[in-house]
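Just so it is clear: chains get the letters A, B, ... in the order the sequence lines come, proteins before strands, and each one is counted from 1.
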Protein chains: 2
Amino acid sequence: MREFKRKARVLLIDDNADHLRGVKELISLETNYDIVGTTTSANMGINLVKKYQPDLVLMDINMPEKDGLQAIQEIEKLELGTKIIALSGYDDADLIFRAMKIGAKGYVLKTMASAQLIYAIDEVLSGKVYLPSALSSRFFEYFQRTFKEESSNQNEENLLNYLTSREEEVLDLLTQGNNYKAIAGKLFISETTVKTHVNNIFQKLQVNDRTQAVLYALNNGFANKVRAKISA
Amino acid sequence: MREFKRKARVLLIDDNADHLRGVKELISLETNYDIVGTTTSANMGINLVKKYQPDLVLMDINMPEKDGLQAIQEIEKLELGTKIIALSGYDDADLIFRAMKIGAKGYVLKTMASAQLIYAIDEVLSGKVYLPSALSSRFFEYFQRTFKEESSNQNEENLLNYLTSREEEVLDLLTQGNNYKAIAGKLFISETTVKTHVNNIFQKLQVNDRTQAVLYALNNGFANKVRAKISA
DNA sequence: AATTTTCTAAATCCATGGATGTAAATCAAT
DNA sequence: ATTGATTTACATCCATGGATTTAGAAAATT
């Protein structure tokens with residue numbers, strides 16, 4: 001275990017007063033931490049963060065009044081470098097994922113052993129991100145499910161594969177919001193030629209207008225394809 | 001340590017013959033595993049996966065001939081439920097992230113202790129996702145950096161915030177590729193009213209046409225906003 | 001109670017977009 | 001050498017999209 005030069009300043013936010021007291025006592029037993037404040041209100045918590053600029057915040061994310069996730073976001077927005085560990089009663093994959101996504105450095109269940117919480121605090125204060133292995137498993141499963149679709153979409157029958165390279169260029173410019181005239185100017189070809197290409201694109205993608213074409217492109221990994229081509 | 005009913009079938013793919021032999025011997029010492037094949041070629045490896053349908057593949061992802069990540073993707077596409085652990089010489093965050101993204105259930109450095117590899121294999125075979133804590137830290141840092149921009153974009157001066165709720169509905173339908181008539185039909189209002197709304201949207205988003213409006217919406221977290229409103 | 005915002009609607013006018021057919025030059029592949 | 005695909009181009013016609021102005025009713029705010 002690592003030694004800290006000065007005591008780490010910790011703030012507790014938990015609308016459940018009983019649990020709050022329990023955690024406070026638990027942390028008070030540790031010599032490395034200094035509790036700079038406790039509150040049962042998310043809004044008050046944000047104010048206390050501004051005032052005391054703690055090193056670490058333990059944030060209950062299951063609060064009725066204000067969403068704990070939103071509170072985390074607001075603290076992150078302050079950009080004070082405050083590390084945040086989410087405390088939750090639920091090991092819901094979506095919750096874990098969203099908490100990590102908005103910048104929580106850890107996620108600990110209230111039902112977990114107190115030693116686990118202390119360990120998480122130490123890890124996070126030392127600059128790491130800490131998720132108990134049971135929760136990181138959940139996270140990764142969710143993560144992979146979320147991104148599986150993205151990559152599998154790029155296979156199957158992707159109509160984008162039927163486009164010629166010139167049509168890809170035109171579609172790329174369409175996905176940047178250009179109209180016919182702008183595209184013609186950028187590709188040094190006539191506007192009517194662009195119209196021809198765009199019409200062919202519509203046929204191949206089986207859509208009726210430019211907006212649908214752009215949406216098809218974005219939803220089927222067109223940007224990835226173009227970038228892959230550039231880096232190749 | 002968990003007991004398996006039958007020996008787990010393992011396939012090794014590593015273009016470094018020396019390392020391949022080492023890992024093979026290491027795994028042979030374990031009584032729970034059955035090595036069904038080894039190869040130094042990614043393409044051959046994919047064929048062996050099809051033939052033997054192993055429970056687990058150890059895949060070196062630093063191969064010159066064929067990209068190991070691509071090989072993982074192709075194995076995933078077979079949908080045989082094959083678990084894959086990526087082996088790599090580098091703890092590069094981007095590599096780790098991409099490997100996990102395409103479905104690797106684990107990522108182990110070649111320099112790590114052999115006990116760590118065995119542990120990873122056990123964990124993955126038992127259905128979990130396993131990343132050594134040093135690597136999972138890397139992963140999460142990368143993950144948070146990647147998504148930080150997305151959420152911070154949603155703050156600043158987001159022009160979407162000026163839209164009325166009706167305008168949001170209209171924009172939502174625009175981002176699904178609807179034209180005026182379709183939107184009018186779905187909202188039970190006249191086409192001219194839709195035009196009015198859309199024009200107001202253009203003004204507020206400072207764009208010139210529907211495609212640009214749709215692009216602005218998608219690039220500024222409009223989908224997230226709409227979903228947040230639904231779940232609220 | 002008074003005011004502002006929002007939602008609805010229409011008219012008008014012009015610009016842009018989209019469908020269709022034709023066609024020539026170039027290039028790749030058989 | 002010939003075929004087929006690609007890129008370029010134009011004409012024509014009609015549909016849709018977009019700008020602007022005006023305006024009534026309802027809802028929210030002050």
Side-chain angles (χ1 to χ4, degrees), chain A residues 157-219 222 225-226 228-230 232, chain B residues 157-219 222 225-226 228-230 232:
Chain A
E157 259 301 276
N158 193 328
L159 299 177
L160 291 171
N161 295 138
Y162 299 135
L163 298 183
T164 68
S165 63
R166 195 57 161 173
E167 285 162 358
E168 282 183 352
E169 285 185 79
V170 173
L171 181 54
D172 186 36
L173 291 171
L174 280 181
T175 62
Q176 290 165 35
N178 294 287
N179 61 13
Y180 287 135
K181 194 183 299 192
I183 295 174
K186 289 179 183 178
L187 295 182
F188 304 107
I189 56 180
S190 86
E191 213 174 314
T192 57
T193 303
V194 178
K195 281 194 173 192
T196 307
H197 286 312
V198 171
N199 265 290
N200 291 332
I201 292 171
F202 290 168
Q203 303 308 316
K204 291 183 178 178
L205 301 188
Q206 299 168 23
V207 298
N208 303 313
D209 56 49
R210 32 148 58 42
T211 307
Q212 289 178 5
V214 167
L215 288 169
Y216 185 94
L218 298 182
N219 291 328
F222 181 69
K225 271 182 210 296
V226 175
K229 205 158 267 189
I230 290 169
Chain B
E157 260 301 277
N158 194 328
L159 299 176
L160 291 171
N161 294 138
Y162 299 134
L163 298 182
T164 68
S165 63
R166 195 56 158 174
E167 286 162 357
E168 282 183 352
E169 284 184 80
V170 172
L171 181 55
D172 186 36
L173 292 171
L174 280 181
T175 62
Q176 288 166 36
N178 294 288
N179 61 13
Y180 288 136
K181 195 183 300 192
I183 295 174
K186 290 179 182 177
L187 295 183
F188 304 106
I189 56 181
S190 87
E191 214 173 314
T192 59
T193 303
V194 178
K195 281 195 175 192
T196 307
H197 287 312
V198 171
N199 265 289
N200 290 333
I201 291 170
F202 290 168
Q203 302 308 315
K204 290 184 179 178
L205 301 188
Q206 298 167 23
V207 298
N208 304 311
D209 57 49
R210 41 148 46 48
T211 307
Q212 289 178 5
V214 166
L215 288 169
Y216 185 94
L218 298 181
N219 291 330
F222 181 69
K225 272 182 208 296
V226 175
K229 205 158 265 190
I230 291 169

Return a table of donor-acceptor pairs under 3.5 angstrom between the side chains of residues 183-190 of chain A and protein atoms on other chains or two or more places apart.
| from | atom 1 | to | atom 2 | distance (Å) |
| --- | --- | --- | --- | --- |
| Lys186(A) | NZ | Asn178(A) | OD1 | 3.0 |
| Ser190(A) | OG | Thr192(A) | N | 3.4 |
| Ser190(A) | OG | Thr192(A) | OG1 | 2.8 |
| Ser190(A) | OG | Thr193(A) | N | 3.2 |
| Ser190(A) | OG | Thr193(A) | OG1 | 3.0 |

Measure the shortest side-chain to side-chain distance between [X] and [Y] over non-hydrogen atoms and say whether it is less than 4.5 angstrom.
X         : Y         : result
Thr164(A) : Asn200(A) : no
Arg210(A) : Val214(B) : no
Val170(A) : Leu163(A) : no

Whole angstroms only, please: what is the [atom1]-[atom2] distance between [X] and [N]?
X         : N       : atom1 : atom2 : result
Arg210(A) : dG17(D) : CZ    : P     : 12 Å
Tyr162(A) : dG4(D)  : OH    : C1'   : 18 Å
Leu163(A) : dA5(D)  : CG    : P     : 16 Å
Leu187(A) : dT6(D)  : CG    : P     : 17 Å
Asn208(B) : dT16(D) : CG    : P     : 22 Å

Using a heavy-atom distance cut-off of less than 4.0 Å, which residues of residues 177-185 of chain B contact DNA chain D?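 Listed by number, they are Asn179(B), Tyr180(B).
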Can you name the atoms? Protein N/O to nucleotides 25-30 of chain D N/O, anything below 3.5 Å, with the distance.
none

Distance check, rounded to the nearest 0.5 Å: [X] atom [atom1] versus [Y] atom [atom2]?
X         : Y         : atom1 : atom2 : result
Thr211(A) : Asn179(B) : OG1   : CG    : 9.5 Å
Leu215(A) : Leu215(B) : CG    : CG    : 8.0 Å
Leu171(A) : Tyr216(A) : CG    : OH    : 10.5 Å
Lys204(B) : Asn161(B) : NZ    : CG    : 11.0 Å

Quick one: closest heavy-atom pair of Ala217(A) and Thr175(A), and the distance?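 Closest approach of Ala217(A) to Thr175(A), heavy atoms only: CB-CG2, 3.9 Å.
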What heavy-atom pair brings Tyr162(A) and Glu167(A) nearest, and what distance separates the two atoms?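 Reported closest heavy-atom pair: O-OE1, 4.3 Å.
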Going by heavy atoms closer than 4.0 Å, what residues in residues 188-203 of chain A are next to DNA chain C?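 By residue number: Lys195(A), Asn199(A), Phe202(A).
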Lys195(B) backbone acceptor or donor facing Asn199(B) side chain under 3.5 Å: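 Side chain of Asn199(B) to backbone of Lys195(B): a pair is present.
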Estimated bend of the helix from dA1(C)-dT30(D) to dT30(C)-dA1(D) (axis per five terminal pairs, rounded to 10 degrees):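 The helix from dA1(C)-dT30(D) to dT30(C)-dA1(D) shows an end-to-end axis angle of 60°.
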Take Gln176(A) and Leu173(A) through the test side chain to side chain contact (heavy atoms under 4.5 Å, CB included) and record every step on the way to the result. CA-CA 5 Å; Gln176(A) 290 165 35; Leu173(A) 291 171; 4.2 Å; yes
Should Ser165(B) be listed as having a side-chain N or O under 4.0 Å from OP1 or OP2 of dC7(C)?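 Indeed, a polar side-chain atom of Ser165(B) lies that close.
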Of all residues at least two apart in sequence or in a different chain, which pass the side-chain contact (heavy atoms from CB on, under 4.5 Å) check with Asn208(A)?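 Partners of Asn208(A) under the side-chain contact (heavy atoms from CB on, under 4.5 Å) test: Gln212(A).
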